[in-house]
Protein chains: 2
Amino acid sequence: MARNARYDRQIALDKAMNLFWERGYAGASMKQIEQALDMRPGSIYATFGSKDGLFSEALAAYARRSGLELREHLAGNSSVLDGLQEHLRCIARQASPGGESPSRACMVVKTLLEASNTNTAIANQANSILSAIEQALTELLEQAKLQGELAPGTHCARLARLLQAQIIGLRSFAQREISSEQVAELAEDMAAMLDHYRARH
Amino acid sequence: MARNARYDRQIALDKAMNLFWERGYAGASMKQIEQALDMRPGSIYATFGSKDGLFSEALAAYARRSGLELREHLAGNSSVLDGLQEHLRCIARQASPGGESPSRACMVVKTLLEASNTNTAIANQANSILSAIEQALTELLEQAKLQGELAPGTHCARLARLLQAQIIGLRSFAQREISSEQVAELAEDMAAMLDHYRARH
DNA sequence: ACTGTTTTTGAGCGTTCACTCAAGTTATCA
DNA sequence: TGATAACTTGAGTGAACGCTCAAAAACAGT
């Protein structure tokens, strides 16, 4: 009865995510978005409603992608702590200069810092994502404690927050003009810090 | 022979700094700046040249202020490491919800993340400031090593970068909707991490 | 008080912003 | 193949952007 859309919603969303990740919410104009998605304004607004709506979906897509990445790193290691340390090193590799990422820093953190006092809805979304990540890390660490990897007295929620702050610090630090070697060293020092929470044998 | 300026340059700069710190570069419009400084556009442009120029001076003022704060915390402690730990705790106190700061996050980091792919000049300035802080921390730690506070084998430049990443992580994390108690715990955990680098007696 | 210089003022400049919608185009199904 | 419904198009909307400048106002020195 009717015509099909010329664009794949997921592909368009991915392109939008990359642009927003690189330039931020205010830094990406609709003109640039039109060019990146190869879509005219009418199509964009018919599909995503508004710039806010598009950004919101792009941020959600980014969070989904990041979650998958963490789970992959964990799946590669039988030990939770080893997996988390591998995750830190992998972040350092991705966040090194010359990488193909739109930005070395985390899009959620960029969003949180940009939107906190200017766009409540978007800031709330960033908050929710970080809260969910904290929760996931806490559960992961609880599991590690049960398996005897972590010292029995470990306060897992607290360690999860420390770990999240480490990751935020690592990725934001990597946004500086700095050598990939120094970023790798930083990740290594953070991984070493995790060792102090291991159970003693 | 002529009229004096009605405005104190430093006071105006301070107000601009607070607005930019709160809302970011793009998030603070000239209209809002006019209102915050109680100055009309002509006066602002005569004094600071452009929005970029004003922001640049405001960022420099912020960096100066932050440097003074660190030196104060250090002066209060005879030990360098104690001073740095006190500094972490003080950051946590300032970055707690309900504080009077325009933003819990660091203005330099906010600027770095916002400007990195949109405004080269401003991003370079943020980079320089962070580089100078790293340098200052390195020298501070070298001094601590000479005084026997740090383990003799400590790689001070590397520890300085780790410390900077901690501070960036702490302050960015604090931008989340989170209790002041949890921010304080996070600072405490970071301070504890510094203890691992102390010389053993 | 007058003069000379500087500062302040604010209407308004051109541009860019996010966004709209009537008209045109195209795939689908009878 | 023609009718129909959905999608695409892009010129154009009003508002907000950073910024300018001629005129008015205010002080310092004579």
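Basis for what follows: all heavy atoms, side chains included, without hydrogens, waters or symmetry-related copies. Lettering of chains follows the sequences in order, A, B, ..., and the numbering in each one begins at 1.
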What's the [atom1]-[atom2] distance between [X] and [N], to the nearest Å?
X       : N      : atom1 : atom2 : answer
A:Asp38 : D:dT9  : CG    : C1'   : 12 Å
A:Met39 : D:dA6  : CE    : C1'   : 14 Å
B:Arg40 : C:dC13 : CZ    : P     : 21 Å

Problem - B:Gln166/A:Gln166 under side-chain hydrogen bond (donor to acceptor under 3.5 Å, both in side chains): CA gap, chis, key distance, verdict - result: CA-CA 6 Å; B:Gln166 302 290 327; A:Gln166 302 289 327; 3.0 Å; yes
[X] bridged to [Y] by N-O distance under 4.0 Å:
X        : Y       : result
A:Arg198 : A:Asp82 : yes
A:Arg64  : A:Glu57 : no
B:Lys110 : B:Glu22 : no

Practice task
Confirm from the modelled atom types if A:Arg3 and D:dC7 form a donor-acceptor pair under 3.5 Å, side chain to base only.
Solution key: yes
Exercise for the section: Name the orientation class of the two ring planes belonging to B:Phe20 and B:Tyr25 (parallel below 30°, tilted from 30 to 60°, perpendicular beyond 60°). Expected result: parallel
Tell me whether the OP1 or OP2 atom of [N] has a side-chain N or O from [X] closer than 4.0 Å.
X       : N      : value
A:Ser43 : D:dC7  : no
A:Arg6  : D:dT9  : yes
B:Asn4  : D:dA28 : yes

Exercise for the section: Would you indicate whether the side-chain heavy atoms of A:Ile33 and A:Met30 approach each other to under 4.5 Å? Expected result: yes
Handout entry: Atom CD of A:Gln147: over 12 foreign heavy atoms under 6.0 Å
Key = yes
Problem - Residues, nucleotides or ligands: over 12 heavy atoms within 6.0 Å of B:Glu177 CD - result: no
Problem - Sub-4.0 Å heavy-atom contacts from residues 9-20 of chain A onto DNA chain D, ordered by number - result: none
Handout entry: Where protein sits on nucleotides 11-20 of chain D, one letter per nucleotide: B base, S sugar-phosphate only, - none, heavy atoms under 4.0 Å
Key = B-----SSBB
Practice task
Just call it for A:Phe48: base, sugar-phosphate, or nothing, with non-hydrogen atoms closer than 4.0 Å on any strand.
Solution key: nothing
Problem - Backbone N/O of A:Asp38 and side chain of A:Arg40: donor-acceptor pair under 3.5 Å - result: yes
